[in-house]
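Written below as structure tokens is the structure these notes are about.
For reference, positions follow the sequence shown, starting with 1. Computed from a predicted structure; not experimentally measured.
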Amino acid sequence: IVYVGSSDHRLYAVNAASGRGVWEFVSGGEIAGSPTYANERVYFGSTDRRVYCLDAQTGQKLWEHQTEAEIHSSPAVWGECLYVGSRDHFLYALDSRTGELRWRFATGDWVHCSPVISGNIVYCGSHDKKLYAIEAESGVLVWEYQTAGEVQASPAVSAGAVYAASNDGNVYCFTAR
């Protein structure tokens, strides 16, 4: 099954072989980010300010968590935790089984990029022109780096390095911890 969000407020589950719809779920807003599949569940954010968790086979809503602004970020799941950014300037860590808030980390502006986890560190950029490294379990800041432009694109981790692009025209490389 392939999962696709749309500006028509729907998340579609489509049979990859036949192209036929399996189920669809209607949220209260556009689905701007990509849905994430993990542990027989599908997670996604919506411009209705909510993060949703659905049963991957049936499309039944298992839980939702409301933030204070639109969500354009794609969720990342690591262990039993889901990480997602919001336009309310926060990066959220939610229990992936229940949707309960574990912690939230305040940035200085929108968080549109999708977080990336490597080791025990969550990497995430913000429109405040910073890249953040945050402890995955606690939400404590490990380090931050100020660029000259918004960090909208999702960071990438490869071969022990973290790469982040900024709207200042540069790609930055850091040693992953």
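- Through side-chain heavy atoms spaced under 4.5 Å, either directly or across other Ile, Leu, Val, Met, Phe, Trp or Tyr residues, V4 is tied to V2.
- In this structure, S6 and Y12 approach most closely via the heavy-atom pair CB-CE1, 3.9 Å.
- Within the structure, every pair that satisfies the salt bridge (charged side-chain N to carboxylate O under 4.0 Å, His left out) test and touches residues 16-34, not counting sequence neighbours, is listed here: R10-E24.
- In this structure, P115 and A76 approach most closely via the heavy-atom pair O-CB, 3.4 Å.
- The ring pair (Phe, Tyr, Trp, His ring centres under 6.0 Å) search around H72 returns H112, not counting sequence neighbours.
- Annotation: side chain to side chain contact (heavy atoms under 4.5 Å, CB included) contacts of K130 (sequence neighbours excluded): D128, Y132, E144, Q146.
- With sequence neighbours excluded, the residues that form a ring pair (Phe, Tyr, Trp, His ring centres under 6.0 Å) with F25 are Y52.
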Quiz: residues 102-109 side-chain donor-acceptor pairs under 3.5 angstrom, not counting sequence neighbours:
residue: R102; atom: NH2; partner: E80; partner atom: O; Å: 3.2
residue: R102; atom: NH2; partner: D95; partner atom: OD2; Å: 3.3
residue: W103; atom: NE1; partner: A136; partner atom: O; Å: 3.1
residue: W103; atom: NE1; partner: E137; partner atom: O; Å: 3.4
residue: R104; atom: NH1; partner: E68; partner atom: OE2; Å: 3.1
residue: T107; atom: OG1; partner: H89; partner atom: O; Å: 2.8
residue: T107; atom: OG1; partner: D109; partner atom: N; Å: 3.4
residue: T107; atom: OG1; partner: D109; partner atom: O; Å: 2.7
residue: T107; atom: OG1; partner: S126; partner atom: OG; Å: 3.2

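- Annotation: side chain to side chain contact (heavy atoms under 4.5 Å, CB included) contacts of C53 (sequence neighbours excluded): R41, Y43, L62, W63.
- Judged as a ring pair (Phe, Tyr, Trp, His ring centres under 6.0 Å), and not counting sequence neighbours, the contacts of F174 are W143, Y145.
- For E70, the salt bridge (Lys or Arg N to Asp or Glu O under 4.0 Å) criterion is met by R87, not counting sequence neighbours.
- Heavy-atom minimum distance, G125 versus V111: O-CG1, 3.6 Å.
- In terms of the side chain to side chain contact (heavy atoms under 4.5 Å, CB included) criterion, residue partners of S34 (sequence neighbours excluded) are, by chain and number, S74.
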Give every donor-acceptor pair under 3.5 Å between a side-chain atom in residues 156-167 and any protein atom, sequence neighbours left out.
residue: S166; atom: OG; partner: T147; partner atom: OG1; Å: 3.0
residue: S166; atom: OG; partner: G149; partner atom: N; Å: 3.3
residue: S166; atom: OG; partner: G149; partner atom: O; Å: 2.9
residue: S166; atom: OG; partner: D168; partner atom: N; Å: 3.2
residue: S166; atom: OG; partner: D168; partner atom: OD1; Å: 3.3
residue: N167; atom: ND2; partner: E150; partner atom: OE1; Å: 3.2
residue: N167; atom: ND2; partner: Q152; partner atom: OE1; Å: 3.4

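- Annotation: side chain to side chain contact (heavy atoms under 4.5 Å, CB included) contacts of T67 (sequence neighbours excluded): R49, H65, I71, S86, D88, Y92.
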